[in-house]
Protein chains: 2
Amino acid sequence: MARAVPETHHEILAAAGRRFAVTGYKGTSLQDIAREVGCSKATVLYHFANKEALLSELMAPAIAMLEALDARIAGRTGADAQRVAAEGFVDLAVRFRREIALLRGEFPDLLQQPAFAHIQQISERLVAALAGHSDRPAARIAALVVLAGIAETCGEFLDIPDQELRPALLAVAHRALEPTT
Amino acid sequence: MARAVPETHHEILAAAGRRFAVTGYKGTSLQDIAREVGCSKATVLYHFANKEALLSELMAPAIAMLEALDARIAGRTGADAQRVAAEGFVDLAVRFRREIALLRGEFPDLLQQPAFAHIQQISERLVAALAGHSDRPAARIAALVVLAGIAETCGEFLDIPDQELRPALLAVAHRALEPTT
DNA sequence: AGCATGCCTGACCGATCGGTCAGTACCTGA
DNA sequence: TCAGGTACTGACCGATCGGTCAGGCATGCT
C-alpha cells in the first residue's frame, strides 16, 4: 500500500449517491453523508470543496454522455435529428437512471447554478431535436412530455434490466413523438 | 398599515402560489411569502396553522378533482378505463397546471407526508388504468412516462390556452399509451 | 366607559444547514 | 531523528429554517 488512501474519496462519493437517491440533493445534508460513510462532516468537505462539487463529480459521466449526444445531434435535421435524439436520450436515461433519479425534480433549481448552466441549453436543443425541429406547438409539447416523462420515471425501474427497459422506453418515445411532416 | 379586511388570508394564499411556482415548496420560506404579501411571517402563521396547511389549502381543488377522477375510474376496465383516465388526467393537468407545476418534483417527498398519503394510492390506480390494467411491463412503463411527462411539463405551458393545450396533450397520451390487447 | 374579539407584529426559540479552522495522528523520505 | 505532507477531526460560525408567544391596536358590542 505505497500510494495510500484515496479510498475515502470514493466511499464518500458512493454514499452520497445512495443518500441522494433516497432523499434527493437538497434533502440530503453533508451530515447524512458523513454518517453513512462513518466519518465526520469535515472529512467530506476535506475531499470535496463543497456540496455542489460532490454532485458535480457524481454526475460527470452522465453529463459527458449528454454532451456527446448534443454533439451528435448538431447538424442533423428533421426526422434524422429526431431519431438520433430519441435513441441517444433513451440510452442515456437507461444507463444513468440511478444518477438521473437522484435529482428527482431538482433539475430546475440545479440548472440555475452556473456549474450546470450549459445543461439547460443542451436540453433545449434536445427538445428541439425530439420535435424534429418543427415549430408546431404540438410537436414541442410532445417532445417535452417525452423528455420529462422518461427522465422522471427511469429511476423507478432500477429492477428492470437494461435490455428490457431500453426497447420499452424507445417504443413509447417513438409512438409519442409526432412524425415530422 | 392595519388592513381593514380579512382578505389577507386570500392574499397570502395567492402569494404562496406565486412563490411556490417559482422556487418550489421546499425552496420557498414563510419569510418569502410574507415579504411578497407585505406582512410579517407571524401573520402568515396566524392565518395558517403551518406551512403544510398552506400547501394543503392551495392544492385542495386539484386534489378534489383527482379524487373525483379516481371515483370515475373505479369499476372500469381495459380500454374504457384507459380512455377515461387519460382524458380525465389531461383535463386535470390542464386546469390545474399552475398548482401541479409548483410541486415540481417534490411529489415524492410530499406524498410521504400523512396529509397526502392517499394521493399516492390514487396515482397508483391512475397508472394502472392508463396501462389498461395490463400487467405487461411495457404497458406500465408507458403509463408512467405519460403520467410523469404530462405532470412535469404542463406547468411549462402557462401561456398556451386550455383549448389548445388539451387536445395536444391528449393526442400525445393516446399515441404513447399501449393499445389494450 | 369598559370589555372582548379579531388582526397583526417584533422578538425570540431550538434545530439544522453548509462551511471554516486550528490542531492532531500518522506516514514517508531525507 | 525530524520536517513536511496527507488524512482526518471536534468545535465552532453565521445564516436560515418553521414555529411560538406576549402584547399592541383597532373595532364593535354591552
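Chain letters run A, B, ... following the sequence lines, proteins first, then strands; residues in each count from 1.
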_Please enumerate all residues that pass ring pair (Phe, Tyr, Trp, His ring centres under 6.0 Å) together with A/Tyr25, with sequence neighbours excluded._
A/Phe20
_Checking A/Phe96 now: which residues fulfil ring pair (Phe, Tyr, Trp, His ring centres under 6.0 Å) with it, not counting sequence neighbours?_
none
Measure the distance from [atom1] on [X] to [atom2] on [N] and round it to the nearest whole Å.
X       : N      : atom1 : atom2 : result
B/Glu52 : D/dC17 : CD    : P     : 18 Å
A/Ile12 : D/dA7  : CD1   : C1'   : 10 Å
A/Gln31 : D/dC17 : CD    : P     : 20 Å
B/Arg35 : D/dG18 : CZ    : P     : 12 Å
A/Phe48 : D/dA7  : CZ    : C1'   : 14 Å
A/Lys26 : C/dT16 : NZ    : P     : 19 Å
B/Lys51 : D/dT20 : NZ    : P     : 15 Å
A/Leu30 : D/dC12 : CG    : P     : 20 Å

*For the pair B/His133 and B/Gln82, evaluate side-chain hydrogen bond (donor to acceptor under 3.5 Å, both in side chains) and give the outcome as yes or no after the intermediate values.*
CA-CA 8 Å; B/His133 293 111; B/Gln82 193 182 50; over 6 Å; no
Residue-phosphate contact under 4.0 Å: [X] side-chain N/O, [N] OP1/OP2:
X       : N      : answer
B/His47 : C/dC8  : yes
A/Ser29 : C/dT16 : no
A/Thr8  : D/dC8  : yes

*Does A/Arg76 have any side chain to side chain donor-acceptor pair (under 3.5 Å) partners at least two apart in sequence or in another chain, and if so, which?*
A/Asp80
*Taking only residues two or more places apart in sequence or in another chain, which ones pass side chain to side chain donor-acceptor pair (under 3.5 Å) with B/Glu87?*
none
Anything under 3.5 Å between a donor and an acceptor, one on a side chain of residues 157-164 of chain A, the other on a protein residue two or more places apart or in another chain? List them.
| unit_1 | atom_1 | unit_2 | atom_2 | d |
| --- | --- | --- | --- | --- |
| A/Asp162 | OD1 | A/Arg97 | NH1 | 2.9 |
| A/Asp162 | OD1 | A/Arg97 | NH2 | 3.3 |

*What residues in residues 38-46 of chain A put a non-hydrogen atom under 4.0 Å from any atom of DNA chain D?*
A/Cys39, A/Ser40, A/Ala42, A/Thr43, A/Tyr46
*asked:* On a heavy-atom basis, which atom in B/Glu57 and which in B/His9 lie closest, and how many Å separate them?
replied: OE2-NE2, 2.8 Å
*asked:* I want to confirm an ordering. Mapping A/Ala49 and A/Gly27 to their closest nucleotides on DNA chain C, which one lands closer to the 5' end?
replied: A/Gly27
